[in-house]
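As structure tokens, the structure follows; a few thoughts come after it.
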Amino acid sequence: QVQLVESGGGLVQSGESLRLSCAASGFTFSSYDMGWYRQAPGKERELVAAITWSGGATTYADSVKGRFTISRDNAKNTVTLQMNSLVPEDTAVYYCNRRHAFSNWGQGTQVTVSS
């Protein structure tokens, strides 16, 4: 079965950085576009960043553009989200998933940014 395991979250101060990782298994990773999503209490899950199957193209939510960078390593079946210049509005649980043909959502990783 598909497994998606997020890691790297934590508590940081405004202006600091975090690097999130997603380890994928149970499917042909290199065949799928991937995305990072986040959800805060009382809000819908939103797409933060996405990357094509080859890593050749990326897209970002306006709120994180210029601060976050998504990348992937198809040899290791991993997707990474480098988050710089974090602000309290970035506080949420972050998830990875296939951009299309979603799998079940994993546990996510909590990111908390203090002001």
Side-chain angles (χ1 to χ4, degrees):
Q1 72 279 10
V2 173
Q3 291 189 341
L4 300 165
V5 182
E6 301 92 347
S7 62
L11 173 63
V12 298
Q13 293 184 338
S14 181
E16 296 183 343
S17 299
L18 283 172
R19 185 176 179 87
L20 307 184
S21 295
C22 170
S25 62
F27 65 100
T28 304
F29 180 77
S30 61
S31 295
Y32 291 88
D33 296 352
M34 298 293 294
W36 280 97
Y37 306 78
R38 68 186 181 188
Q39 187 169 31
K43 298 183 179 179
E44 293 186 353
R45 183 181 288 113
E46 65 173 341
L47 178 68
V48 176
I51 187 167
T52 54
W53 64 271
S54 66
T58 58
T59 188
Y60 299 91
D62 288 342
S63 60
V64 308
K65 194 172 298 181
R67 299 188 297 118
F68 290 10
T69 303
I70 187 172
S71 60
R72 68 190 296 162
D73 186 339
N74 286 346
K76 297 181 178 180
N77 287 6
T78 58
V79 188
T80 297
L81 186 67
Q82 178 66 46
M83 306 186 296
N84 297 330
S85 301
L86 285 161
V87 294
E89 291 74 18
D90 295 320
T91 296
V93 179
Y94 284 71
Y95 304 86
C96 65
N97 213 322
R98 300 190 295 212
R99 187 68 186 90
H100 314 287
F102 287 155
S103 174
N104 292 333
W105 297 94
Q107 292 298 307
T109 186
Q110 176 72 50
V111 172
T112 303
V113 185
S114 63
S115 60

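Excluded from the calculations below are hydrogen atoms, water molecules and symmetry mates; all remaining heavy atoms, backbone and side chain alike, are included.
Heavy atoms only, all atoms of each residue included: Ser115 and Ser14 are closest at CA-CB, 4.3 Å. Closest approach of Ala50 to Arg99, counting heavy atoms only: CB-CD, 3.9 Å.
Qualifying side-chain hydrogen bond (donor to acceptor under 3.5 Å, both in side chains) partners for Ser30, counting only residues two or more places apart in sequence or in other chains: none. Residues that satisfy the salt bridge (charged side-chain N to carboxylate O under 4.0 Å, His left out) test with Lys65, not counting sequence neighbours, are Asp62. Among residues two or more places apart in sequence or in another chain, the salt bridge (charged side-chain N to carboxylate O under 4.0 Å, His left out) test is passed with Arg38 by Glu46, Asp90. Partners of Gln1 according to the side-chain contact (heavy atoms from CB on, under 4.5 Å) rule, which considers only residues two or more places apart in sequence or in another chain, are Gln3. In this structure, the side-chain contact (heavy atoms from CB on, under 4.5 Å) partners of Thr52, at least two apart in sequence or on a different chain, are Asp33, Ser54, Ala57. Residues satisfying the side-chain hydrogen bond (donor to acceptor under 3.5 Å, both in side chains) test with Gln107, not counting sequence neighbours, are none. Judged as a salt bridge (charged side-chain N to carboxylate O under 4.0 Å, His left out), and not counting sequence neighbours, Arg19 has no contacts. In this structure, the side-chain hydrogen bond (donor to acceptor under 3.5 Å, both in side chains) partners of Ser17, at least two apart in sequence or on a different chain, are Asn84. With sequence neighbours excluded, the residues that form a side-chain contact (heavy atoms from CB on, under 4.5 Å) with Ser7 are Ser21. A search for side-chain contact (heavy atoms from CB on, under 4.5 Å) contacts involving Leu11 returns Thr112, not counting sequence neighbours.
Other residues sharing a hydrophobic cluster with Phe68 under the 4.5 Å side-chain heavy-atom criterion for ILVMFWY residues are Val2, Leu4, Val12, Leu18, Leu20, Phe27, Phe29, Tyr32, Met34, Trp36, Val48, Ile51, Tyr60, Val64, Ile70, Val79, Leu81, Met83, Leu86, Tyr94, Val111, Val113. Clustering of Ile, Leu, Val, Met, Phe, Trp and Tyr side chains at separations under 4.5 Å leaves Val87 isolated, with no partner residue.
Note that CD of Glu6 is 4.0 Å distant from SG of Cys96, once rounded to the nearest 0.5 Å.
Other residues, nucleotides and ligands contribute at most 12 non-hydrogen atoms within 6.0 Å of the CH2 atom of Trp53.
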(request) Go through the steps to decide whether Asn97 and Ser103 satisfy the test side chain to side chain contact (heavy atoms under 4.5 Å, CB included), and finish with yes or no. (result) CA-CA 7 Å; Asn97 213 322; Ser103 174; 3.7 Å; yes

(message) Run the ring pair (Phe, Tyr, Trp, His ring centres under 6.0 Å) test on Tyr37 and Phe102 for me, step by step, so that the C-alpha distance in whole Å, both residues' side-chain angles and the decisive distance to 0.1 Å come before the verdict.
(response) CA-CA 12 Å; Tyr37 306 78; Phe102 287 155; 5.7 Å; yes

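If you check the side chains of Asn74 and Arg72, you find a donor sitting under 3.5 Å from an acceptor.
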